[in-house]
Protein chains: 2
Amino acid sequence: MQLDPNHLLMLAAVVDEGGLTSGAHALGKSQPSLSRTLAALEARLGQPLFEKGRRPLVPTELGAALAAQGRIIWQASGEASVQADLYIGGKTGAVRVAGTPVFMDAVIATMIAGFQQAHPNVRIDQSYGYAETLMRDVESGALDLAICPLPPGDLPEPIAFEEILQGRNVIACRMGHPLARKRALRLEDIANYPWIAPPTNSPLYQDLRAILHEIEVDDVKVSFSGGSISAVRTVLEGSDSLTILPYSVIFMMRQQKALTALDIRIKHVPRNLGIISPTDRPVRPAVRRFHRYIASEFKALARSISHAQQNSVWRA
Amino acid sequence: MQLDPNHLLMLAAVVDEGGLTSGAHALGKSQPSLSRTLAALEARLGQPLFEKGRRPLVPTELGAALAAQGRIIWQASGEASVQADLYIGGKTGAVRVAGTPVFMDAVIATMIAGFQQAHPNVRIDQSYGYAETLMRDVESGALDLAICPLPPGDLPEPIAFEEILQGRNVIACRMGHPLARKRALRLEDIANYPWIAPPTNSPLYQDLRAILHEIEVDDVKVSFSGGSISAVRTVLEGSDSLTILPYSVIFMMRQQKALTALDIRIKHVPRNLGIISPTDRPVRPAVRRFHRYIASEFKALARSISHAQQNSVWRA
DNA sequence: ACGCAATATAACTCAATGCTATGCAATTGG
DNA sequence: CCAATTGCATAGCATTGAGTTATATTGCGT
């Protein structure tokens, strides 16, 4: 005997609510609709679902047994509704995001922490990569979002690039570094200190080479290379080494008063940090929400940076 | 977002079967039907349920989440079908049956044991009572069936009485009783032994009085009264007492070779054992099945009795 | 016994679901 | 790499079922 889940659900409603009228109200339907449907179900079964001729409607054995299943269906149905609403509202789901290691660890991680606070049921699957790989993965659908620096105007096929921060690198050192307080630094000053080199496949490494070339320092001592931002920071703090870092990374660490930037102007790199996202497929609500969150956080960060630069408070 | 359980069920089928075509087959529907329904569901949700453009149909996060609920609905639906089939087939449910104590304990209990063997999921709610009470309870719906002796032709309103055994009482005693082997017993023989009297409100008590009057024994020694068949049997076995019992009760105990009947003819009581059932309401399948079982068992018992009487085997 | 409240029935409408036929896209095999 | 195959999407149509309002009927309490 094949039974329609909807019929069982109606039965459960009537049994639980104790009547057709209230059951119909609970389901948002009319009383005759329930009456007829349950009558048809009884006819199909050949057995009454309710004791006949009793007014506080009392279910028969069969009615009670089927109502129990209907109750399960009701619950599952409600749970599905909740799940759907959460998903559509971006409160649930997974976000696969990747970016360049330094930005992910020093900037994005903080933002992810804030996002998780507000949306604990959204799973963030984070990974690392550089522009080329990131774009390929976004295009193929392996990634939902990528955050990395890109030269302006470089927009292949079905990919959007939303710029969120001006690309600007600085030379970083520990807070008490001999060069930290000097103004009008000369090249010779810099050349005397050991350098920490970013991984050779990173954009920062390209930037480092370009900058060194620009300031006509051809030969530097590389004391350490290949480490993550955490390792780099530790080495920086414990030595007089220099390295090149995005200004935003230094800015994010300003509270710890561990690192600072040298007062030497470096040409803006021809790349801006941005969010890479696909345009050829629907964006899942959780991804959209995360995307917006990151964008707004960066907007706030940019404001904060420009404000700080005007006052030069953090360098005091 | 209100979701139709049927849609979730379809989704689950498609996800579990790994495709629209096989899912449709599993549900006994056509593939276009599923395709259109799921497309409509996607439209309602505003989110895809399956990754687009991939042929081994793979569900999205949302699709998987909703399919999980659909699976629950599917299970509950199937369970309901099973429950309904069992109930309709009389394999499940409760039977409320009552009868006169002696018959219930000595005859019906054995039959119930056999029934339970075959239908362990049918619950038998047994109780005791005499004709008047039994009929009232059957009429009121408190009982499904009653088994008791009734005078023929006494059929009030909405009650059926199916005769299943000729009413015939005998004088019972222990197997080795001094009177057990005698033929052509005389009244004086009987009068000298103590009697066990049935409960005064039982039909058997009426029968006892009638019989004693018939054989013109006015004054008997009552050594024990009011006990159940079990107590009566124990007393009978341990003494030379006599009592009156339905022949079928003695017959059912023939294997134990503990009790026997005196070879003295007693007028048939004007009552036949039968099954009382209501005619004004639908009979539940389990009740019908139990009813049939009891009736067929009694038919077999009657055959067995008449066969035994012709051969007088059991008395040898 | 009467009145109230709840259920059953009637008559009708329309959305949803079923089907077959067919187009189109993705995967597989040579 | 192209062709064949398999499987999903779409179209058009028929039918069922579920929804509605209006109304009759039936238990139940006073």
Side-chain angles (χ1 to χ4, degrees), chain A residues 1-45 47-60 63 67 70 73-74 77 140-141 280-282, chain B residues 1-45 47-60 63 67 70 73-74 77 140-141 280-282:
Chain A
M1 178 80 61
Q2 193 78 314
L3 299 175
D4 187 330
N6 269 314
H7 297 171
L8 297 172
L9 194 152
M10 291 182 189
L11 174 61
V14 171
V15 169
D16 290 352
E17 300 292 324
L20 282 174
T21 306
S22 46
H25 188 257
L27 291 175
K29 302 179 190 289
S30 68
Q31 170 267 318
S33 182
L34 282 195
S35 177
R36 184 155 43 79
T37 300
L38 291 183
L41 182 55
E42 284 184 340
R44 263 180 61 77
L45 290 166
Q47 296 291 328
L49 294 167
F50 295 92
E51 304 288 353
K52 291 302 160 193
R54 309 221 135 268
R55 197 51 83 89
L57 231 47
V58 49
T60 61
I73 292 171
W74 199 354
S77 201
S140 77
D280 60 340
R281 55 198 142 93
Chain B
M1 179 80 61
Q2 191 79 316
L3 299 175
D4 187 331
N6 269 315
H7 296 170
L8 297 172
L9 195 153
M10 291 183 191
L11 174 61
V14 170
V15 168
D16 291 352
E17 299 293 322
L20 280 175
T21 306
S22 44
H25 188 257
L27 292 175
K29 302 179 191 288
S30 68
Q31 171 265 317
S33 182
L34 282 194
S35 178
R36 182 152 44 84
T37 300
L38 291 183
L41 182 56
E42 284 184 338
R44 264 181 60 77
L45 291 166
Q47 296 292 326
L49 295 167
F50 295 91
E51 305 287 353
K52 293 302 161 194
R54 309 222 137 269
R55 196 51 83 87
L57 230 47
V58 48
T60 62
I73 291 171
W74 199 353
S77 201
S140 78
D280 59 341
R281 55 198 142 94

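Per chain, numbering begins at 1; letters A, B, ... match sequence-line order.
- Minimum interatomic distance between B:R281 and B:S140 (heavy atoms only, all atoms of both residues): NH2-C, 4.5 Å.
- Between the CD1 atom of B:I73 and the CG atom of B:N6 there is a distance of 8.5 Å, given to the nearest 0.5 Å.
- Two residues are said to be in side-chain contact when any heavy atoms from C-beta on lie closer than 4.5 Å; A:F50 and A:L11 meet this criterion.
- Between A:E17 and A:S22, the closest heavy-atom pair is O-OG, 3.1 Å.
- Taking atom CZ on A:R44 and atom P on D:dG17, their separation rounds to 9 Å, with Å as the unit.
- In terms of phosphate contacts, A:S33 brings no side-chain nitrogen or oxygen within less than 4.0 Å of OP1 or OP2 of D:dA18.
- Atom CD of A:E51 is separated from atom P of C:dT7 by 16 Å (rounded to the nearest Å).
- Within the structure, a side-chain polar atom (N or O) of B:S30 is placed less than 4.0 Å from OP1 or OP2 of C:dC19.
- A straight line from CG of B:N6 to P of C:dA16 spans 13 Å, rounded to a whole angstrom.
- When each of A:D4 and B:Q31 is assigned the nucleotide of DNA chain D bearing its nearest heavy atom, the one mapping closer to the 5' terminus is B:Q31.
- The shortest distance between side-chain heavy atoms of B:M1 and B:L3 falls below 4.5 Å.
- Distance from the side chain of B:P32 is smallest to D:dT10 among C:dC19, D:dT10, D:dT20.
- Whole-Å rounding puts the B:L49 CG to D:dC8 C1' distance at 15 Å.
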5' to 3', nucleotides 25-30 of chain D under a 4.0 Å protein heavy-atom cut-off (B base, S sugar-phosphate only, - none) gives -BSS--
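- In the set C:dG18, D:dC8, D:dG19, D:dG19 carries the atom at the smallest distance from any side-chain atom of A:K29.
- When the P atom of D:dG17 is taken as reference, atom CD of A:Q2 falls 14 Å away, rounded to whole Å.
- A straight line from CG of B:L38 to C1' of D:dT10 spans 15 Å, rounded to a whole angstrom.
- A distance of 13.5 Å separates CZ of A:R36 from CG of A:L41, quoted to the nearest 0.5 Å.
- Listed in residue order, the members of residues 7-28 of chain B having a heavy atom less than 4.0 Å from DNA chain D are B:G19, B:L20, B:T21.
- Atom CG in A:L57 sits about 12 Å away from atom P in C:dA6, given to the nearest Å.
- Atom CG of A:L8 and atom CH2 of A:W74 lie 13.0 Å apart (nearest 0.5 Å).
- To the nearest 0.5 Å, atom NZ of residue A:K52 and atom OG1 of residue A:T60 are 8.5 Å apart.
- As rounded to whole Å, 10 Å separates atom P of D:dA9 from atom CG of B:L34.
- Taking OG1 of B:T37 as the reference point, atom NZ of B:K29 lies at 8.0 Å (rounded to 0.5 Å).
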